[in-house]
Amino acid sequence: MSNWKKLLIEPLRKTNPVMVLVLGICSCLAVTAKLKPALVMGASVTVVTAFSNLIISLLRKGIPSRIRIIVQLVVVSTLVILVDQFLKAFAYDVSKQLSVYVGLIITNCIIMGRLEAYALSHGPGESFLDGLGNGLGYSLILIIVAFFRELFGSGTLLGYQVIPQSLYEAGYQNNGLMILPPMALIVIGIIIWINNSKTESK
Amino acid sequence: MKRDINSNGYIFLYATILVVVVAALLTAAALWLQPYQQINREKEKRVMILSAAGVNEDGNIELIDGDLPVYLVNGSIPVLPMQGNGLWGPIWGYLAIAADGKTVAGVTFDHKSETPGLGGEITTEKFQHQFAGKQVMDHGDVIPVEFDAITGATKTSNGVKEMIDNTLEKYSAYLKKFAEKGE
């Protein structure tokens with residue numbers, strides 16, 4: 001039981017794929033201008049990492065090692081296409097907002113990283129949890145970054161106006177830089193900084 | 001019989017089976033989900049046309065297919081479909097002509113892959129609102145539309161302008177006829 005918990009909890013902070021391993025930064029920049037696409041992207045990546053880990057782990061004894069990367073890519077891209085098709089059928093407006101980024105999940109380094117580092121050498125149950133944990137760790141950072149970017153960049157959260165009109169009348173302005181990708185990098189940098197300063201080993 | 005997992009034969013067999021299984025899976029999923037996706041697309045198109053015309057959602061749309069397709073909303077408001085190019089991919093939209101035949105009643109835009117927060121802003125009410133009432137006909141001729149572009153999204157804004165101007169140009173014969181009727 002404690003092992004299960006460890007697999008799920010550790011990637012949230014201690015071995016967080018974004019904060020600690022600094023993987024998957026590319027999509028962190030792309031989809032965090034607004035909170036809603038960040039939430040859906042996080043959920044999609046979590047589903048894909050969990051199930052690709054599970055499938056690769058089930059196949060791991062039969063995969064010829066010379067073509068294992070190709071096999072991994074085939075499995076990941078199949079899952080991504082399925083997620084994309086599902087979003088288009090049942091969450092159309094969100095799928096439109098995410099547009100190309102869903103397809104780019106295929107190239108998300110976290111997924112390949114977990115497959116290579118974990119799923120190929122562990123059982124299906126553990127691999128599934130590991131994928132789930134890492135997906136959630138990624139989502140967590142995505143949500144934090146998107147929260148600040150949408151709040152200060154657009155004055156809204158999930159599309160609802162949060163910063164009151166009276167503040168705008170008093171001269172407050174949305175920070176246009178927050179919407180641009182460089183600011184995502186700076187926000188992630190600050191998150192990593194805070195995290196490192198708190199977990200510094202003595 | 002124990003196979004060598006790294007022999008060429010096994011690799012070929014493995015890859016072939018994998019690809020066939022995956023292809024079958026994806027085909028099944030695509031066929032199953034297609035009707036749902038089609039409904040979504042139709043619904044979206046309907047909403048875009050109606051909102052360009054400024055009509056609520058139970059409006060009636062009629063497709064008049066002459067040389068160029070025109071959507072007639074509630075039998076009186078012509079809505080022209082537009083297609084153009086943004087920065088990353090296609091953009092499209094609908095342009096409704098007011099009853100006088102000279103001004104824009106409303107527009108809606110959409111895009112495939114413009115940057116969220118920049119080019120993606122063309123889908124917002126805030127951006128589309130400014131088009132209502134813009135003059136498109138002057139003394140029986142089509143004139144280019146002027147509007148406030150989006151800061152940081154010059155390419156997308158240019159794409160929108162080009163798209164509108166091209167559409168007006170293309171439909172100029174239809175618009176002239178419509179304007180004469182309106183006078």
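In what follows, every heavy atom counts, from backbone to side chain, and hydrogens, waters and symmetry copies are set aside. Lettering follows sequence order; numbering is per chain, from 1.
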K.L.:
Looking at every non-hydrogen atom in both residues, tell me the closest pair between B:Lys161 and B:Pro144 and how far apart they are.
P.N.:
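For B:Lys161 and B:Pro144, the tightest heavy-atom pair comes out as NZ-CB, 3.8 Å.
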K.L.:
Under 4.5 Å from any heavy atom of chain A, what part of B:Ile11 do you find: side chain, backbone, both or neither?
P.N.:
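Both backbone and side chain.
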K.L.:
Is A:Ile70 close to chain B through its backbone or its side chain, or both, or neither, when contacts mean heavy atoms under 4.5 Å?
P.N.:
neither
K.L.:
Less than 4.5 Å to any heavy atom of chain A: does that hold for the side chain of B:Gln34, its backbone, both, or neither?
P.N.:
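It is neither, since no heavy atom gets under 4.5 Å.
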K.L.:
Could you point out which residue of A:Thr46, A:Leu54, A:Asn53 forms a side-chain contact (heavy atoms from CB on, under 4.5 Å) with A:Leu132?
P.N.:
A:Thr46
K.L.:
Can you say whether the rings of B:Tyr94 and B:Tyr71 are parallel (under 30°), tilted (30 to 60°) or perpendicular (over 60°)?
P.N.:
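Correct class here is perpendicular.
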K.L.:
If you count heavy-atom pairs under 4.5 Å with chain A, which of B:Val19, B:Leu33, B:Thr123 comes out on top?
P.N.:
B:Leu33
K.L.:
Angle between ring planes, B:Tyr174 versus B:Phe178, binned at 30° and 60°: parallel, tilted or perpendicular?
P.N.:
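The arrangement is parallel - the two ring planes meet at less than 30°.
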K.L.:
Side chain from CB out, backbone as N, CA, C, O: work out which of these in A:Lys34 comes under 4.5 Å of a heavy atom of chain B, or both, or neither.
P.N.:
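A:Lys34 touches chain B through side-chain heavy atoms alone.
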K.L.:
Find the distance between NZ (B:Lys177) and OH (B:Tyr171) and round it off to the nearest 0.5 Å.
P.N.:
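With rounding to 0.5 Å, NZ (B:Lys177) is 13.0 Å from OH (B:Tyr171).
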K.L.:
In terms of the angle between their ring planes, are B:Phe127 and B:Phe109 parallel, tilted or perpendicular, with boundaries placed at 30° and 60°?
P.N.:
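B:Phe127 vs B:Phe109 ring planes: tilted.
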K.L.:
Select, from A:Val75, A:Ile67, A:Ile81, A:Ile63, the one with the greatest count of heavy-atom pairs under 4.5 Å involving chain B.
P.N.:
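Most pairs with chain B among the choices: A:Ile63.
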K.L.:
Tell me, for B:Trp88 versus chain A, whether the close heavy atoms (under 4.5 Å) come from the side chain, the backbone, both or neither.
P.N.:
neither
